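What follows is one structure encoded as structure tokens, with my remarks underneath.
When a residue number appears, it is its place in the shown sequence, counting from 1. Nothing here was measured: the structure is a model prediction, and the numbers come from that model.
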Amino acid sequence: MGIYLNPGNKGFWKSIRSEIYVDKTGLIAYTNKCLNTREQYICVSRPRRFGKSMTLEMLAAYYSLGCNSADLFKGCKIEKEDTFYENLNQYDVIFLNMQRFLSEAEPGKVTEYLEQEVLEELQDEYGEFLKRKDLGLAAALRKIYAKTDREFIFLIDEWDCVMREKKAAEDLQRQYLDFLRNLLKDQPYVAFAYMTGILPVKKYGTHSALNMFLEYSMTDQKALEEYTGFTEEEVEELCERYGMDFQEAGNWYDGYMFRRFSHIYNPKSVVESMRNQYFSNYWTTTETYEALKVYMDMDFDGLRQDIVQMLGGGRIRVNVFSFQNDMSSFRTKDDVLTLLVHLGYLGYDSEAREVFIPNKEIMGEFENAMSVGGWQEIMRVLQASEKLLGDTLLCDGERVADALDRAHTEVSSILTYNDENSLACAIGLAYYSARKDYRLIRELPGGRGFADIVFLPLPLSGRPALVVELKYDKDAQAAIQQIKDRKYTQVLDGYVGEILLVGINYDKGNVDKPHSCVIERVEKV
């Protein structure tokens, strides 16, 4: 075993011995299908702490020559697959952690240092075939393959660290990408290559230096959706085992959605909440909120309004295809929003092509970023939201309307009321603090139509449910009547208890008092 060549199974051994281990070995069945095919190049990008390195350790344990990993996989999903023994510990694996090379190499000499380190291990193992001392890494691997017929599997972690940490060093980036292309593309010794990082493959103009890679990113994980984070079924099982509330876990950590798996949870945060026995911000503590604030404060027309709308529970349509897959080439606000998807700060609905703030944990990070300047008017609305909820629970429609008037004055320079949708975003923002006790749902089907906003109380909150209907240039009482006529309370299937019907109207012609509100209590049995 070496550091880079066939690194062994110690990393995976530590994972399965941990207090919480969720079996993701089913991924190996997929990678087995890709060996020595046109699909043998895979680039998987996910946010930090989403299990990328652990996945590579699992693949290294499974494929590496010189290991005896059969017992480690005993009882795991992959053991039931027909290809399990066929490929188990049958390949030379080269494991490259690019972050380590970038940190240890002399400035500008990342690839030279990498070649030196890996060639030293190849010399120990295959020195009889490597007589020339001036061979580069790719040439050495070709000679080994020609003499032994041995194929290699490449596992590359933090592949994009050069793009993320050396944003302005374009020459270094191009050199690095050209090195990877020469090492991997159309080389006979490559049986399979699996790269992970936060960013998809960097684009230059109309082509990619690594265009042989199939991309699996946060905008489309394709067949790897269930391996991106924890699934709903996996989290429910953990909550049952640890006596934690499943709905509360969803409120905190769910929200990453794909085509087949519409509920993917942040794995780092789920594990920490189970171990510590309380829900909190775990993933966001691994990086300062200043990283998010840099992108929020970028001066692209409409970006601030989009962020405010998402804080209010809204969604923003976005074009994710113009993004150049780096952290410096921003041309439009869509590029910034797409980067935030890849970083894990936004969820993405690929069917609707919309982005949104996925959960309570991430919403708290946006709040932290806004609290340090530049967003004072929004912070005042958020800070006033606790009293607004209190007045709503007291059914004081007059005070609620006054509070909404004040909130509108604060955000009017950023968020313009054009229709009921923009009004709904503003109302969601004004009720920001309610999310510690409620799950906010926009446009929820119920009865004969869609309830504009439903605040569904979380278990043990002791709060009544809220069904909110919005009107624009009409009448608050008409909003209440619509809730009743269309039976919107039917949407609360399985809910028993008090419900507040909240009708809100915005009258754009009334400059002094544009909002009116009517609140009624009903009981659902």
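Under the rule for a side chain to side chain donor-acceptor pair (under 3.5 Å), Ser273 has no partner lying at least two apart in sequence or in another chain. Among residues two or more places apart in sequence or in another chain, the side-chain contact (heavy atoms from CB on, under 4.5 Å) test is passed with Ala352 by Asp349, Glu354. Lys52 meets the salt bridge (Lys or Arg N to Asp or Glu O under 4.0 Å) test with no other residue; sequence neighbours excluded. Under the side-chain contact (heavy atoms from CB on, under 4.5 Å) criterion, Thr231 pairs with Lys24, Glu226, Glu233, Glu234, Phe261, Ile264, sequence neighbours left out. Listed by chain and residue number, Val235, Cys239, Phe279 satisfy the side-chain contact (heavy atoms from CB on, under 4.5 Å) test with Ala249 (two or more places apart in sequence, or in another chain). Remark: Phe192 engages no residue in a ring-ring contact (aromatic ring centres under 6.0 Å, His included) (not counting sequence neighbours). Every residue two or more places apart in sequence or in another chain was checked for a side chain to side chain donor-acceptor pair (under 3.5 Å) with Glu57, and none qualifies. For Asp178, the side chain to side chain donor-acceptor pair (under 3.5 Å) partners are Arg181, not counting sequence neighbours. Evaluation of the side chain to side chain donor-acceptor pair (under 3.5 Å) rule for Asp220 yields Arg259 as partners, not counting sequence neighbours.
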Fill in: Pair Asn87-Tyr62, side-chain contact (heavy atoms from CB on, under 4.5 Å): steps then yes or no
CA-CA 8 Å; Asn87 298 299; Tyr62 176 76; 3.4 Å; yes
Practice prompt. Give the C-alpha distance, both sets of side-chain angles, the deciding distance and a yes or no for side-chain hydrogen bond (donor to acceptor under 3.5 Å, both in side chains) between Tyr113 and Glu104.
Written response: CA-CA 8 Å; Tyr113 178 61; Glu104 297 178 359; 2.6 Å; yes
Practice prompt. Assess whether side-chain hydrogen bond (donor to acceptor under 3.5 Å, both in side chains) is satisfied between Tyr176 and Asp160, documenting all intermediate values.
Written response: CA-CA 10 Å; Tyr176 169 64; Asp160 60 332; over 6 Å; no
Worksheet item: How far apart are the C-alpha atoms of Arg442 and Arg315, what are their side-chain angles, what is the distance that settles it, and do they pass the side-chain contact (heavy atoms from CB on, under 4.5 Å) test?
Response: CA-CA 10 Å; Arg442 294 271 307 273; Arg315 292 180 168 216; over 6 Å; no
Fill in: Trace of the side-chain hydrogen bond (donor to acceptor under 3.5 Å, both in side chains) decision for Thr31 with Tyr63
CA-CA 11 Å; Thr31 59; Tyr63 288 116; 2.9 Å; yes
Item to complete: Assess whether side-chain hydrogen bond (donor to acceptor under 3.5 Å, both in side chains) is satisfied between Asn281 and Trp252, documenting all intermediate values.
Response: CA-CA 8 Å; Asn281 296 50; Trp252 272 93; over 6 Å; no
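Under a 3.5 Å cut-off, the side chain of Ser18 and the backbone N or O of Ile20 do not form any donor-acceptor pair. A donor-acceptor contact shorter than 3.5 Å is absent between the side chain of Gln309 and the backbone of Ile316. Judged purely by atom type and a 3.5 angstrom limit, Glu151 has no side-chain atom pairing as donor or acceptor with the backbone of Tyr189. In terms of modelled atom types and a separation under 3.5 Å, the side chain of Lys268 and the main chain of Arg48 share no donor-acceptor contact. Put simply, the side chain of Asn89 gets close to the backbone of Ala61: a donor and an acceptor are under 3.5 Å apart. In this structure, Asn359 contributes its side chain and Asp254 its backbone to a donor-acceptor pair below 3.5 Å. When atom types are taken as modelled, the side chain of Glu272 and the backbone of Tyr282 share no donor-acceptor pair closer than 3.5 angstrom. Not one N or O on the side chain of Gln247 forms a donor-acceptor pair closer than 3.5 Å with the backbone of Asp245. A distance-only check finds a donor-acceptor pair linking the side chain of Gln40 to the backbone of Val190 [under 3.5 Å].
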Output a table of donor-acceptor pairs, distance under 3.5 Å, between side-chain atoms of residues 75-86 and any protein atom two or more places apart or on a different chain; print 'none' if there are none.
residue: Glu79; atom: OE1; partner: Gly75; partner atom: N; Å: 2.8
residue: Thr83; atom: OG1; partner: Asn32; partner atom: ND2; Å: 3.0

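Taking CZ from Phe330 and CG from Leu337, the interatomic distance works out to 10.5 Å, rounded to the nearest 0.5 Å.
Counting only residues at least two apart or in different chains, ring-ring contact (aromatic ring centres under 6.0 Å, His included) contacts with residues 1-38 comprise Tyr4-Phe101, Phe12-Phe73. Note on residues 209-247: pairs passing ring-ring contact (aromatic ring centres under 6.0 Å, His included), not counting sequence neighbours, are Tyr41-Phe213.
Heavy atoms from other residues, nucleotides or ligands lying under 6.0 Å from NZ of Lys33 number 12 at most. For Met54, the CE atom is loosely surrounded, since the number of other residues' heavy atoms within 6.0 Å does not exceed 12. Atom CZ of Arg164 sits in a crowded spot, with more than 12 heavy atoms from other residues, nucleotides or ligands closer than 6.0 Å. With a 6.0 Å radius and a threshold of 12 heavy atoms from other residues, nucleotides or ligands, Lys166 has its NZ atom at or below the threshold. Within 6.0 Å of NZ on Lys436 lie more than 12 heavy atoms contributed by other residues, nucleotides or ligands. Heavy-atom contacts from other residues, nucleotides or ligands closer than 6.0 Å to CZ of Arg353 number 12 or fewer.
When all heavy atoms are compared, the tightest approach of Pro7 to Ala60 is CG-CB, 4.1 Å.
At a cut-off of 3.5 Å, with distance as the only test, no side-chain donor of Thr332 or Asp334 sits close to an acceptor on the other residue. Residues Asp335 and Tyr295 bring no donor and acceptor atom of their side chains to less than 3.5 Å of each other. A donor and an acceptor atom, one from each side chain of Asn211 and Lys185, are located under 3.5 Å apart.
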